[in-house]
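Here's the structure, in structure tokens; my notes come after.
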Amino acid sequence: MAVNYTTQDGVAVITLNNPPVNGLGLSTRAGIVEGIERAQNDPDVKAIVLTGAGKAFSGGADITEFNTPKATQEPTLATVIKIVEGSAKPVVAAIHSVAMGGGLELALGAHYRIAAPGAQIALPEVKLGILPGAGGTQRLPRAIGLEAALNMIVSGAPVLSEKLADSGLFDEVVQGDLLEAALAFARKVGAKQGPHPKVRDRKIEHPNAAGFIQFARNSVAAIAKNFPAPHKCIDAVEAGVQNGFDKGLAFERECFIALVQTPESRALRHAFFGERAASKIPDVPADTPLRDISRVAVIGAGTMGGGIAMNFINAGIAVTLLETKQEALDRGLATIRKNYEASVKKGKLKPEALEERMALITPTLSYDHLRSADLIVEAVFEELGVKEQVFKRLDEVAKPGAILASNTSTLDVDKIAAFTKRPQDVVGLHFFSPANVMKLLEVVRGKETAKDVLATVMQLAKKIRKTAVVSGVCDGFIGNRMIEQYVRQALFMLEEGALPAQVDKAIEKFGFAMGPFRMSDLAGNDIGWAIRKRRYQERPDIHYSKIADRLCEMGRFGQKTGGGWYDYKTGDRTAYPSQVVDEMIGAFSKEINGERRKISDEEIVERLVFALVNEGAKILEEGIASKASDIDMVYLTGYGFPLYRGGPMLYADTVGLYNVERAIRRYAARPNGDAWQLAPGLAKLVAEGHGFNG
Ligand code: 3HC
Ligand code: NAI
């Protein structure tokens with residue numbers, strides 16, 4: 001049963017019981033109506049308490065029902081709320097925990113609301129690309145005032161119930177047993193003569209509503225240009241202010257129906273479920289016992305090691321930091337301290353927290369100090385020989401059952417695991433730079449990595465607030481393996497006729513945070529050069545453009561050398577198109593092709609994005625990623641792919657795989673077409689009429 005019904009001394013208690021978060025799916029909605037009707041028909045019942053079992057009052061509408069017939073099947077949420085509001089017997093919403101979206105809208109339809117402190121209250125619909133569609137844009141401003149409501153609706157951010165205690169939303173915020181308090185409250189109001197108060201009858205009072213709405217509109221225009229929902233939130237609130245509750249409600253409904261169909265909403269919902277799905281590994285049961293991780297060690301206090309250590313410290317987990325030399329250790333600690341000092345300056349960290357965090361680090365030069373570590377993350381130089389030394393040493397000192405992780409970005413995790421006598425305890429934890437900031441963590445599953453090791457690190461990733469995605473072992477794992485194809489195309493296009501600024505502008509207009517050439521200048525062109533040199537040896541069969549090597553031969557390694565694909569001025573990170581580079585590109589094209597052609601922005605975007613998609617399809621086929629949404633999560637959280645497009649695989653579904661396949665075949669028939677080996681898995685999906693996401 002999605003809803004339970006009991007009575008206690010003249011009060012009916014309707015309890016939402018639809019785990020995990022009491023989503024308001026069809027059966028829950030029907031159950032509420034049934035409960036309200038039963039209470040009306042029972043002469044002994046004088047009042048009704050509406051509450052939730054488990055970890056939420058309600059997390060809102062059931063998002064999985066969106067765009068299915070169930071979403072619009074009666075009783076819809078709007079109908080349920082109307083029935084609750086219209087109940088002759090007073091309805092008291094008792095909110096012990098999360099009341100979000102439709103959950104809060106339902107509570108706003110009740111005549112009274114009482115809450116426990118600590119309950120998360122929000123209208124987070126905007127984060128899913130929609131707006132509150134069951135009266136939230138109309139009732140919340142009437143409950144807590146225009147400004148506070150608009151802030152909550154446009155940001156979607158949760159506010160704790162105690163902060164709203166005097167807002168007009170709650171009749172009481174009570175400590176102790178909430179149900180007891182709700183029952184007592186219900187008895188009290190049940191004894192009163194009706195009609196009972198309705199939020200819809202309250203007035204929105206504001207000295208300058210039009211001015212404030214305009215202010216909100218300007219703020220949203222600056223931050224949400226690719227998302228329609230925040231704008232519609234304001235429109236809907238405004239409609240209620242100007243035209244009254246009923247017209248506002250009708251307009252809100254219209255906007256909701258339109259928004260739920262948008263690609264932006266689809267993308268945001270895909271990301272919501274994708275993030276949660278990423279933590280589920282098909283052959284690792286949810287109840288796999290976890291290893292206890294209370295002490296972590298990090299080896300190497302360089303760029304990555306320092307950032308990795310900060311993640312654990314920020315989560316209150318003590319870290320032993322090991323280096324080979326005192327100077328390197330001091331340098332690493334100083335960088336960590338500097339990062340925290342910067343956070344204090346920005347007001348993001350309390351000054352006293354700085355020393356508390358630093359105190360969680362135990363610096364050391366001795367492996368003896370790693371004996372008690374439950375997890376050891378290696379972040380030393382990217383050389384197999386150095387990794388070998390480290391892992392052999394770890395095998396000697398680490399306690400049995402300790403998880404041994406490598407942050408390698410290019411080396412074979414199975415080879416690293418084989419340096420130990422416990423390959424089942426070895427896993428790749430591929431953090432992204434800066435490791436204390438970037439959300440993405442690729443968890444690299446070796447062929448012998450134990451299931452409980454995987455389950456433990458996935459759980460730990462949540463604790464340190466990372467989006468963890470499992471990747472099998474292959475060159476570049478999910479993210480870098482795909483980006484290699486993207487960069488290959490970018491370089492070919494320079495040879496064929498484009499210039500760096502055109503390529504960057506086109507893909508940035510598509511929504512990427514930074515185009516490939518600005519990105520390469522930031523990371524250092526020498527890094528890619530070193531990787532390519534290795535690839536030329538290992539894979540002489542693969543055709544790479546040599547144009548980037550020419551740039552490196554000119555000593556143009558990027559921002560750090562004052563010039564790369566672009567020119568840079570001292571102290572200024574702006575990328576200025578470079579005449580010498582553009583001339584070099586022109587000369588290079590002539591050398592190898594004899595001519596250059598005009599390349600359209602559309603071609604640039606297709607070649608870059610479809611290169612990702614095609615490689616992503618191969619990654620899926622090989623089982624390197626277990627689902628398409630995992631690949632999208634990698635790109636959304638680690639590579640600046642535009643969130644409103646939902647990641648490369650969802651984008652491909654939106655364009656239609658049939659169209660993607662046709663474009664790939666077209667490019668494969670052109671110069672440099674050998675870089676396009678159509679993924680058989682993609683062709684198969686087209687033949688079957690499926691997309692990556694069903
Ligand atoms: N519908 C369907 N499933 C939902 C859901 C919802 N509204 N909210 C959460 N879930 C599912 C999650 O997908 C997850 O499923 P899984 O276990 O199969 O992976 C499970 O519930 C638990 O979710 P979390 O892992 O996120 O659990 P937490 O305890 O960390 O967080 C939460 C709970 C704060 C409720 C969080 O899940 C959340 O923010 N949910 C989304 C809330 C939301 O956006 N509500 C608005 C919905 S739209 C709406 O109401 C429209 C209305 O205006 C008409
Ligand atoms: P780095 O050069 O900044 O730091 C490496 C540190 O390891 C140095 O401080 C060095 O003194 C120390 N070190 C070397 N040998 C050691 C040993 N035997 N024992 C203990 N410490 C030792 O390098 P960076 O960039 O931090 O890279 C580390 C690892 O992280 C590499 O495997 C790299 O591929 C990987 N990585 C790097 C990313 C980046 O953007 N820099 C991104 C993701 C992974």
Side-chain angles (χ1 to χ4, degrees), residues 18-25 54-66 71 76-78 81 97-106 120 122-137 156 158 252-253 256 260 265 268-269 272-280 286 298-308 321-325 327-329 331-332 335 364-365 367 377-391 393-394 406-411 416 428-435 438 440 442 462 477 479-480 523-524 527 638:
N18 182 21
V21 298
N22 295 326
L24 296 162
K55 69 176 175 183
F57 170 76
S58 169
D62 184 341
I63 311 167
T64 59
E65 279 188 358
F66 283 13
T76 62
L77 188 54
I81 293 171
S97 178
V98 171
M100 288 191 180
L104 178 56
E105 292 173 301
L106 174 65
Q120 292 184 58
L123 287 177
E125 287 86 342
V126 72
K127 294 185 182 170
L128 301 171
I130 53 175
L131 88 178
T137 65
E252 177 199 84
R253 191 77 208 139
F256 181 87
V260 84
S265 174
L268 288 167
R269 279 179 276 134
F272 176 85
F273 286 117
E275 168 138 29
R276 284 153 184 84
S279 63
K280 299 183 182 82
V298 175
I299 307 192
T303 310
M304 294 306 289
I308 293 170
L321 187 58
L322 181 138
E323 261 290 350
T324 44
K325 296 206 179 74
E327 304 89 86
L329 200 50
R331 218 176 20 246
T335 307
T364 184
L365 297 174
Y367 274 82
V377 188
E378 164 278 311
V380 304
F381 299 138
E382 186 73 341
E383 285 166 35
L384 199 62
V386 185
K387 308 279 189 202
E388 177 172 6
Q389 273 176 19
V390 170
F391 274 82
R393 192 78 185 92
L394 287 181
S406 173
N407 183 46
T408 182
S409 43
T410 58
L411 300 173
I416 294 176
L429 287 183
H430 185 211
F431 288 85
F432 286 70
S433 182
M438 294 292 289
L440 177 61
E442 276 182 328
K462 270 195 195 147
F477 314 131
N480 286 344
I527 295 179

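The figures here come from the full heavy-atom set of this structure, side chains too, leaving out hydrogens, waters and symmetry mates. Numbering of ligands and ligand atoms starts at 1, following listing order.
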Considering the heavy atoms of [X], write down every atom of ligand 2 situated less than 4.0 Å from one of them.
X: Val390; value: 18 (N)
X: Ile299; value: 19 (N), 20 (C)
X: Ala379; value: 5 (C), 6 (C), 7 (O), 28 (C), 29 (C)
X: Ser433; value: 40 (O)
X: His430; value: 43 (C), 44 (C)

Please determine if [X] has a nitrogen or oxygen closer than 3.5 Å to a nitrogen or oxygen of ligand 1.
X: Gly59; result: yes
X: Lys55; result: yes
X: Ile63; result: yes

- If you count the atoms of ligand 1 from 1 in the order shown, which ones are under 4.0 Å from a heavy atom of Glu125?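 It comes down to these atoms of ligand 1: 48 (S), 49 (C), 50 (O), 51 (C), 52 (C), 53 (O).
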Quick note on ligand 1: atoms under 4.0 Å from a heavy atom of Asp62 include exactly 1 (N), 2 (C)
### Query
Would Ile299 and Leu394 satisfy side chain to side chain contact (heavy atoms under 4.5 Å, CB included), going step by step from the backbone distance to the final call?
CA-CA 10 Å; Ile299 307 192; Leu394 287 181; 3.6 Å; yes
Short N or O distance, [X] and ligand 2, threshold 3.5 Å exclusive:
X: Thr303; value: yes
X: Glu382; value: yes
X: Glu378; value: no
X: Met304; value: yes

Does ligand 2 have a heavy atom under 4.0 Å from the side chain of [X], from its backbone, from both, or from neither?
X: Thr410; result: neither
X: Leu411; result: neither
X: Lys387; result: side chain

Mark whether [atom] lies under 4.0 angstrom from at least one protein heavy atom.
atom: atom 31 (O) of ligand 1; value: no
atom: atom 21 (N) of ligand 2; value: yes
atom: atom 25 (O) of ligand 1; value: yes

Taking non-hydrogen atoms only, is [X] closer than 4.0 angstrom to ligand 1 via side chain, backbone, both or neither?
X: Gln120; answer: neither
X: Glu105; answer: side chain
X: Ala61; answer: both
X: Leu128; answer: side chain

Taking a cutoff of less than 4.0 Å between a non-hydrogen atom of the residue and any ligand atom, is Phe432 in contact with ligand 2? no
Fill in: 4.0 Å heavy-atom contact, Gly136 with ligand 1
no
**Min heavy-atom dist Ala56 to ligand 1 below 4.0 Å** =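 No, Ala56 has no heavy atoms under 4.0 Å from ligand 1.
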Check: Is it true that the side chains of Ser97 and Gln120 contain a donor and an acceptor less than 3.5 Å apart?
Finding: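 The answer is no; no qualifying pair exists.
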Pair Ser265, Arg269: side-chain N/O donor-acceptor within cut-off below 3.5 Å:
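Distance-only check passes for Ser265 and Arg269.
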Residues Ser406 and Phe391: closest non-hydrogen pair is CB-CZ, 3.8 Å
Exercise for review: Identify the two heavy atoms, one from Leu411 and one from Ile416, that lie closest to each other, and give their separation to 0.1 Å.
Suggested key: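 That would be CB-CD1, 4.3 Å.
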* What do the steps show when you test Arg331 against Glu323 for salt bridge (Lys or Arg N to Asp or Glu O under 4.0 Å), and what is the final call? -> CA-CA 10 Å; Arg331 218 176 20 246; Glu323 261 290 350; over 6 Å; no
If you measure from [atom] to every heavy atom of [options], which option wins on shortest distance?
atom: atom 43 (C) of ligand 1; options: Pro124, Gly60, Gly133; result: Pro124
atom: atom 34 (O) of ligand 2; options: Ala523, Ser409, Ala328, Ala435; result: Ser409
atom: atom 48 (S) of ligand 1; options: Phe66, Phe272, Phe273, Phe256; result: Phe66
atom: atom 16 (P) of ligand 1; options: Arg276, Lys462, Lys280; result: Lys280
atom: atom 10 (N) of ligand 1; options: Asn18, Val98, Val21; result: Val21

Q) Is the NZ or CZ atom of Arg276 positioned over Phe272's six-membered ring, under 6.0 angstrom from the centre and within 45° of the axis? A) yes
Thr408 vs Glu382 side-chain heavy atoms within contact, under 4.5 Å: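 Yes. Closest side-chain heavy atoms under 4.5 Å.
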